[in-house]
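In what follows, every chain begins at residue 1, and chains take the letters A, B, ... in the order their sequences are listed. Computed from a predicted structure; not experimentally measured.
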Amino acid sequence: MPFAVYNDLSQKKEPFVPVDSPKVGIYVCGPTVYDFFHIGNSRPFIIFDVLRRYLRNRGYQVTYVQNFTDIDDKMINRAAEMGITVAELAERYIGEYFADADALGIGRADVHPRATEHIPEILESIRKIIGNGHAYVLEGDVYFDVLSFAPYGKLMRQNLEELLSGARVDVNSRKKHPLDFALWKAEKPGEPSWESPWGRGRPGWHIECSAMATKYLGDTIDIHGGGSDLLFPHHENEIAQAEAATGKPFVKYWMHNGYLLMDHEKMSKSLGNFRTLRDVRKQYSPLAIRYFMLSAHYRSPINFSAAGLEQAASGAERLRSCYRSLEEAPEKKNLQSEASLKEALEKARERFHSDMDDDLNTAGALGAVFEAVKAINTALHEEGALTMENKEEARTFFHMVDEVLGILDIPGILRETAPNSEDARIEKLIEKRKEARKNKDFAGADKIRDTLLEEGIVLKDSPEGTKWYRKL
RNA sequence: GGCGGCAUAGCCAAGUGGUAAGGCAGAGGACUGCAAAUCCUUCAUCCCCGGUUCGAAUCCGGGUGCCGCCUCCA
């Protein structure tokens with residue numbers, strides 16, 4: 001079975017056939033860097049990062065491009081508000097983007113192009129669109145001429161009239177058609193601007209994405225992703241621009257993730273019902289946040305809630321707990337469980353892949369992971385040990401899962417960092433508790449355990465001694 | 001008005017024709033000095049009505065409810 005994706009162009013699940021397999025180009029709309037991003041914004045970043053990881057795991061050579069919009073109205077307004085330049089604002093929030101994204105385990109894109117660094121490509125693209133008769137100049141502005149581009153509306157499956165019927169119409173517009181959108185905006189006093197054949201100005205929002213996507217990934221790119229709110233007008237306009245410029249199909253597969261809701265309403269900056277990732281991160285671990293995002297299908301809306309995040313944290317904890325026992329398990333030969341565990345792991349691996357192949361069904365794939373967890377725990381419970389082979393198979397499985405979903409943080413579980421004074425302090429308390437228990441001072445022993453638990457340190461007594469770990 | 005999505009146990013959530021994955025929470029039990037972790041047991045007939053079918057959560061028709069896009073927005 002090949003990998004299949006739901007394509008918003010056809011509104012169907014389609015087998016994934018890259019333009020030039022095994023190479024795959026993915027373009028995802030990145031943030032406008034005028035502020036911290038919120039937890040809703042992080043959904044596509046996580047989803048498409050997982051898509052990229054999975055395609056790599058499947059053997060594709062993925063080139064992943066995610067832009068930064070570093071010039072637009074929001075940027076200009078915010079910079080003015082803060083009394084800094086647009087460039088300074090961009091620099092600052094690109095840094096903050098990476099701080100949050102890195103913390104969430106979102107891999108860096110192969111290219112993170114910025115609009116302001118691609119003015120020549122943008123100008124070239126506009127020139128082609130005008131040359132092909134799909135745009136017109138109006139006093140230093142350049143507008144895309146939607147009437148000239150017959151397929152306009154194909155992503156939305158609506159014609160111009162239908163698109164217009166619910167829209168607010170700008171009565172005073174000089175545009176040929178109300179849906180004509182700006183490719184280039186004439187300079188306004190005090191705003192950043194660049195030279196162009198039509199006078200100084202700056203690019204419209206939509207043009208940067210199509211210009212940069214085609215620059216890095218070719219005229220026809222395999223996958224273009226983003227949040228559903230970009231379907232119209234942003235992605236519709238990108239198609240119009242790119243295809244008007246090149247005459248070739250712009251994107252093979254359009255993928256859009258569902259919204260993150262807050263109290264069952266779309267989380268958005270404009271509604272004001274958002275929580276920055278920076279803020280949420282103080283309360284919940286990155287693993288819990290990733291698990292939460294992956295526990296539902298990417299196209300479904302998910303509702304942000306404390307209960308949801310806590311459930312996710314518990315689930316992730318169970319996974320980690322299993323990995324921990326796996327690594328701590330004694331090794332024995334010729335165990336009864338050997339063959340059945342091997343089989344269970346193999347089954348889980350197959351299901352994991354077939355679910356992921358089915359339009360990135362991460363919720364199903366997580367189910368497969370828990371089936372493996374169950375099998376490992378049961379074997380370990382019954383035998384008190386694992387064979388070396390089983391251990392290795394289980395390890396391989398978990399590493400594959402972590403590589404694709406990034407919800408385990410295996411190095412963190414193994415505590416691979418050098419011992420520090422904090423660890424020493426904890427070990428010392430555990431030693432003290434051991435003494436107390438030896439002297440049957442259970443009250444004293446429990447007090448130490450409770451104190452540590454309050455700090456998020458969990459103790460586990462076993463015949464081999466007391467182990468500890470940090471809760472998520 | 002046009003277009004699109006969703007409705008599965010207390011909560012989250014897979015499953016698109018063959019008789020309901022998985023997780024969280026809860027209950028009982030095992031293990032433990034007590035816990036934690038783990039294991040065992042337990043916990044749904046899939047919004048409503050009608051239809052197609054030997055058989056439907058899954059297909060069709062009709063309802064009801066919720067959400068989104070058509071305006072900056074991941």
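With B/C24, B/A21, B/C69 as the choices, the nucleotide that has an atom nearest any side-chain atom of A/Glu371 turns out to be B/A21. Taking every side-chain heavy atom of A/Arg433 into account, B/G33 is the closest of B/A74, B/G33, B/C70. Counting only heavy atoms from C-beta on, A/Tyr469 has its side chain closest to B/A37 among B/G68, B/A37, B/C73. The A/Glu265 side chain lies nearest to B/G68 when the options are B/A74, B/G68, B/C34. Side-chain proximity of A/Pro233 to the nucleotides B/A36, B/A25, B/U71 is greatest for B/U71.
Partners of A/Ile207 according to the side-chain contact (heavy atoms from CB on, under 4.5 Å) rule, which considers only residues two or more places apart in sequence or in another chain, are A/Ile122, A/Ser125, A/Ile126, A/Ile129, A/Leu183, A/Pro203, A/Ser210, A/Gln241.
Identified under the side chain to side chain donor-acceptor pair (under 3.5 Å) test for residues 398-409 of chain A, with sequence neighbours left out: A/Tyr323-A/His399. Within the structure, every pair that satisfies the side chain to side chain donor-acceptor pair (under 3.5 Å) test and touches residues 370-381 of chain A, not counting sequence neighbours, is listed here: A/Arg351-A/Glu371.
Here A/Arg449 lies in heavy-atom contact (under 4.0 Å) with a base. When heavy atoms are screened at a 4.0 angstrom cut-off, A/Leu230 is found touching the sugar-phosphate backbone but no base atom. Here A/Lys269 lies out of heavy-atom contact (under 4.0 Å) with every strand. Using a 4.0 Å heavy-atom distance criterion, A/Phe37 is classed as making no nucleic acid contact. Note on A/Arg320: nothing from the nucleic acid sits closer than 4.0 angstrom, heavy atoms only. Counting non-hydrogen atoms under 4.0 angstrom, A/Ser314 reaches the backbone sugars and phosphates but no base.
Between A/Tyr93 and A/Phe36, the ring planes lie perpendicular to each other; the angle is over 60°, past the 30° to 60° tilted range.
Aromatic stacking of A/Phe442 on B/G33: satisfied, with centres closer than 5.5 Å and planes within an angle under 30 degrees.
Ring-centre distance between A/Phe144 and A/His206: not below the 6.0 Å cut-off. Two rings, from A/Phe45 and A/Tyr97, have their centers less than 6.0 Å apart.
A salt bridge links A/Glu191 to A/Arg202: at least one charged side-chain nitrogen sits closer than 4.0 Å to a carboxylate oxygen. Electrostatic pairing of A/Asp102 and A/Arg108 counts as a salt bridge here, judged by a charged N lying under 4.0 Å from a carboxylate O.
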Polar pairs (N or O, both sides) under 3.5 Å between protein and nucleotides 11-15 of chain B?
residue	atom	partner	partner atom	Å
B/C11	O2'	A/Gln311	NE2	3.2
B/C11	O2	A/Gln311	OE1	3.4
B/C11	O2	A/Gln311	NE2	3.1
B/C12	O4'	A/Gln311	OE1	3.4
B/A14	OP1	A/His297	N	2.9
B/A14	O3'	A/Asn361	ND2	2.8
B/G15	OP1	A/Asn361	ND2	3.1

Revision key, fill the gap. Quick tally for nucleotides 39-45 of chain B: nucleotides whose base has a protein heavy atom under 4.0 Å get B, sugar-phosphate-only ones S, the rest -, giving SS-----
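Note on A/Lys471: every side-chain N or O is 4.0 Å or more away from OP1 and OP2 of B/A36. When the side-chain nitrogen and oxygen atoms of A/Trp468 are compared with OP1 and OP2 of B/A36, none of them lie within a distance under 4.0 Å.
With a 3.5 Å ceiling on both atom-pair distances, B/U52 lacks any Watson-Crick or G-U wobble partner. In this structure, B/G26 forms a base pair with B/U42, meeting either the Watson-Crick or the G-U wobble geometry with both donor-acceptor distances under 3.5 Å. In a base pair of the Watson-Crick type (N1 to N3 plus N6-O4 or O6-N4) or a G-U wobble (N1-O2 and O6-N3), with each distance short of 3.5 Å, B/C3 is matched with B/G68. With a 3.5 Å ceiling on both atom-pair distances, B/G33 lacks any Watson-Crick or G-U wobble partner.
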Run the side-chain donor-acceptor check on residues 309-316 of chain A: report pairs under 3.5 Å with partners two or more places apart or on a different chain.
residue	atom	partner	partner atom	Å
A/Glu310	OE2	A/Tyr284	OH	3.4
A/Ser314	OG	A/Glu310	O	3.1

